[in-house]
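Here the structure is laid out as structure tokens; the discussion comes afterwards.
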Amino acid sequence: MFGANHRGFCLGFNLEKAVPINEGSKGRIKYVDQNDLPKNKLLIHDDIEESLIYFSDLIFNLPIKYQDEQEYRLEKIIFNENERKKIIPKESIEKIVIGSKMSKVKQTELIELVKKHLLK
């Protein structure tokens with residue numbers, strides 16, 4: 001859970017405040033048996049519907065071993081590098097969960113950053 005083997009952190013945010021309703025695809029991850037995950041396959045360019053379903057399955061399905069994360073994902077097709085980063089309004093952040101193995105030094109740094117930039 002959380003990046004770097006429990007040494008990272010996770011943001012919980014209000015989706016309605018963070019991302020416009022019409023921007024990309026959004027949804028809860030479906031946790032499935034390893035055998036039910038999408039397999040690599042050759043896509044036929046003429047079958048747009050099949051391609052969209054395949055890519056959606058790739059993005060919104062994970063192995064059942066990750067089900068404790070209860071992840072919600074946002075997906076958006078980007079057309080240039082400027083669209084790769086998304087600035088989320090700080091007002092949309094509702095919680096910060098610290099990984100259980102994050103060092104005390106990193107925890108203190110994170111808390112100070114939160115106090116400085118989010119709690120104004």
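Worth saying up front: this structure is predicted, and the values here are computed from it rather than measured. When reading the values below, keep in mind they use all heavy atoms of this one structure, side chains included, and skip hydrogens, waters and symmetry mates.
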Of all heavy-atom pairs linking F9 and I98, the shortest is CB-CA, 4.3 Å
Looking only at heavy atoms, the pair that brings E75 and F60 closest together is CB-CZ, 4.2 Å
Salt bridge (charged side-chain N to carboxylate O under 4.0 Å, His left out) filter on E83, not counting sequence neighbours, yields K76
Residue set satisfying side-chain hydrogen bond (donor to acceptor under 3.5 Å, both in side chains) with S92, at least two apart, ordered chain then number -> none
When rounded to the nearest 0.5 Å, the distance separating CZ of F55 from CG of L58 is 7.0 Å
By side chain to side chain contact (heavy atoms under 4.5 Å, CB included), L15 pairs with (sequence neighbours left out) F13, V19, K26, Y72, L74
Sequence neighbours excluded, the answer for side chain to side chain contact (heavy atoms under 4.5 Å, CB included) partners of N82 is N80
Sequence neighbours excluded, the answer for side-chain hydrogen bond (donor to acceptor under 3.5 Å, both in side chains) partners of N61 is none
Could you give the side-chain donor-acceptor pairs of residues 102-118 under 3.5 Å, partners two or more places apart or in another chain?
{"unit_1": "S103", "atom_1": "OG", "unit_2": "K106", "atom_2": "N", "d": "3.1"}
{"unit_1": "Q107", "atom_1": "NE2", "unit_2": "M102", "atom_2": "O", "d": "3.0"}
{"unit_1": "T108", "atom_1": "OG1", "unit_2": "K104", "atom_2": "O", "d": "2.9"}

Salt bridge (charged side-chain N to carboxylate O under 4.0 Å, His left out) filter on R28, not counting sequence neighbours, yields none
Contacts of E71 meeting salt bridge (charged side-chain N to carboxylate O under 4.0 Å, His left out) (sequence neighbours excluded), chain-then-number -> R73
Hey, quick one: are L62 and I64 part of the same hydrophobic cluster, counting side-chain heavy atoms closer than 4.5 Å, chains of contacts allowed? yes
Sorted by chain and number, sequence neighbours left out, side-chain hydrogen bond (donor to acceptor under 3.5 Å, both in side chains) with E94 holds for N14
Residues passing the salt bridge (charged side-chain N to carboxylate O under 4.0 Å, His left out) test with E16, sequence neighbours excluded, are none
Q.
I'd like to know if the side chain of K39 reaches the main chain of N35, judged simply by a donor and an acceptor atom lying under 3.5 Å from each other, with no hydrogens or angles considered.
A. yes
Quick check: is I53 connected to I48 through a chain of hydrophobic side chains (ILVMFWY, heavy atoms under 4.5 Å apart)?
no
Hits for side chain to side chain contact (heavy atoms under 4.5 Å, CB included) against P63, two or more places apart or cross-chain, chain-then-number order -> Q34, L37, K65, Y66
